[in-house]
Student: 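First the structure, which I've put down as structure tokens, then a few questions once you've had a look.
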Amino acid sequence: MGLLDNLESTKTEIREAAERSGRSLDEVRLAVVSKTWPAEVVAKLTSHHGLFAENKVQEAIEKIPLLPSRLEWHLIGHLQSNKVRRALPLFALIQSVDSLDLAEDINRIGAELGLFPKVFLQVNVAGEARKHGFSPEALRDAFPRLLALPRLEIQGLMTIPPYEEEPEASRGHFRALRLFRDEMRESFGISLDELSMGMSHDFTVAIEEGATMVRVGSAIFGDRKAAHA
Ligand SMILES: *Cc1c(COP(=O)(O)O)cnc(C)c1O
């Protein structure tokens, strides 16, 4: 199948999962994850889809200018503080804000650049030691200070749960993110409407658990190991 067929079948699966769970299709956005794929491959989709995501600033710096300027780009990988200044003008939204220090840097540099950066806070729902993201406990503690950062527009939460062979096994992690969001809503009176969760092999389960954004790469482009072949 070609890339366009893959994109269409992904959108069909999104629609079906939304319908199954009594949600409307416009509640769920698809971020097409184009990391590792060169601009000429990504270009095959850009007249059919407008939201793309990258995980590395350097790769985005090289790729984004080669593609139509009307596209919306999100950063989904760990952002080092020394790259914030270059990342902010490129990305409409940073989904991977994983520490208070980074949030403070984005706030400060956003102000210098005259921007109000939109962000999601990345939550390490299963508390995995080697993974980026706030633990739920750490985020609960940091929340008052995050809310006090005047330039930051905190729109929601993002998670990358532990890899499970069986998508159904991720359901508990997705549900945990939604319940944690509900708790933060209650405690801090912030809406946090967006829940970015679900990747190629488990996005339908994530939608059933309330995802408002799914991040899908290999189901559309194929195996990334083939990207540079
Ligand atoms: C690579 C990546 C994805 C997409 O993964 P696929 O399994 O290829 O769909 C989603 N989210 C993040 C944060 C990623 O780094």
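In this chain, residues are counted from 1 in sequence order. Every number for a ligand or one of its atoms is a count from 1 in the order of the listing.
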Student: May I ask you to identify, for Arg224, whether its side chain, its backbone, both or neither come under 4.0 Å of ligand 1 on a heavy-atom basis?
Tutor: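 Only the side chain of Arg224 comes within reach of ligand 1.
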
Student: Would you confirm whether Glu59, through its side chain, and Lys56, through its main-chain N or O, come within 3.5 Å as a donor-acceptor pair?
Tutor: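 Not at all, since once roles are kept as given, no pair shorter than 3.5 Å links the two residues.
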
Student: Test of understanding: given a 4.0 Å heavy-atom threshold, classify the contact between His201 and ligand 1 as side chain, backbone, both, or neither.
Tutor: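 Under 4.0 Å from ligand 1, His201 contributes no heavy atoms.
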
Student: Which option, Ser200, Gly222, Ser34, owns the non-hydrogen atom nearest atom 9 (O) of ligand 1?
Tutor: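 Nearest option to atom 9 (O) of ligand 1, by heavy atoms: Ser200.
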
Student: Identify the closest protein heavy atom to atom 5 (O) of ligand 1: which residue and atom is it, and at what distance?
Tutor: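 Protein heavy atom with the smallest distance to atom 5 (O) of ligand 1: Met199 CE, 3.5 Å.
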
Student: If we only count heavy atoms from C-beta on, is the Phe203 to Pro167 side-chain gap below 4.5 Å?
Tutor: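 Contact flag for Phe203/Pro167 side chains = no.
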
Student: Backbone N or O of Asn124 within a donor-acceptor pair of the His173 side chain at under 3.5 Å?
Tutor: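 Flag not set: sc His173 to bb Asn124 has no pair under 3.5 Å.
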
Student: If the cut-off is 4.0 Å to any non-hydrogen atom of Val216, which atoms of ligand 1 fall inside it?
Tutor: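 Listed by number with element: 9 (O).
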
Student: Starting from atom 14 (C) of ligand 1, which protein heavy atom do you reach first, and at what distance in Å?
Tutor: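 Atom 14 (C) of ligand 1 sits closest to the protein heavy atom Lys35 NZ, 3.0 Å.
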
Student: If you have a sec, work out which protein heavy atom is nearest atom 12 (C) of ligand 1 and how many Å separate them, to one decimal?
Tutor: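 Result: Ile76 CD1, 3.4 Å.
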
Student: Check Trp37 against Gly222 and note the closest heavy-atom contact, atom names and distance.
Tutor: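 In this case the closest contact between Trp37 and Gly222 is CZ2-O, 3.7 Å.
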
Student: Test your reading of the model: is there a side-chain donor-acceptor pair from Ser187 to the backbone of Met184, 3.5 Å cut-off?
Tutor: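 Side chain of Ser187 to backbone of Met184, a donor-acceptor pair under 3.5 Å: no, none is there.
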
Student: Ignoring hydrogens and geometry, is there a side-chain-to-backbone donor-acceptor pair from Arg178 to Glu209 under 3.5 Å?
Tutor: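 Yes, the answer is positive, given that a donor and an acceptor are paired below the 3.5 Å cut-off.
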
Student: Which atoms of ligand 1 sit under 4.0 Å from any heavy atom of Gly217?
Tutor: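 Taking each heavy atom of Gly217 in turn, ligand 1 has 4 (C), 6 (P), 8 (O), 9 (O) under 4.0 Å.
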
Student: Look up atom CD1 in Ile94 and atom CD in Gln155, then write down how far apart they are to the nearest 0.5 Å.
Tutor: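 Between Ile94 CD1 and Gln155 CD, I get 12.0 Å after rounding to 0.5 Å.
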
Student: Which of the numbered atoms in ligand 1 are under 4.0 angstrom from any heavy atom belonging to Arg215?
Tutor: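 Once the distances to Arg215 are compared, the set is 4 (C), 9 (O), 10 (C), 11 (N), 12 (C), 13 (C).
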
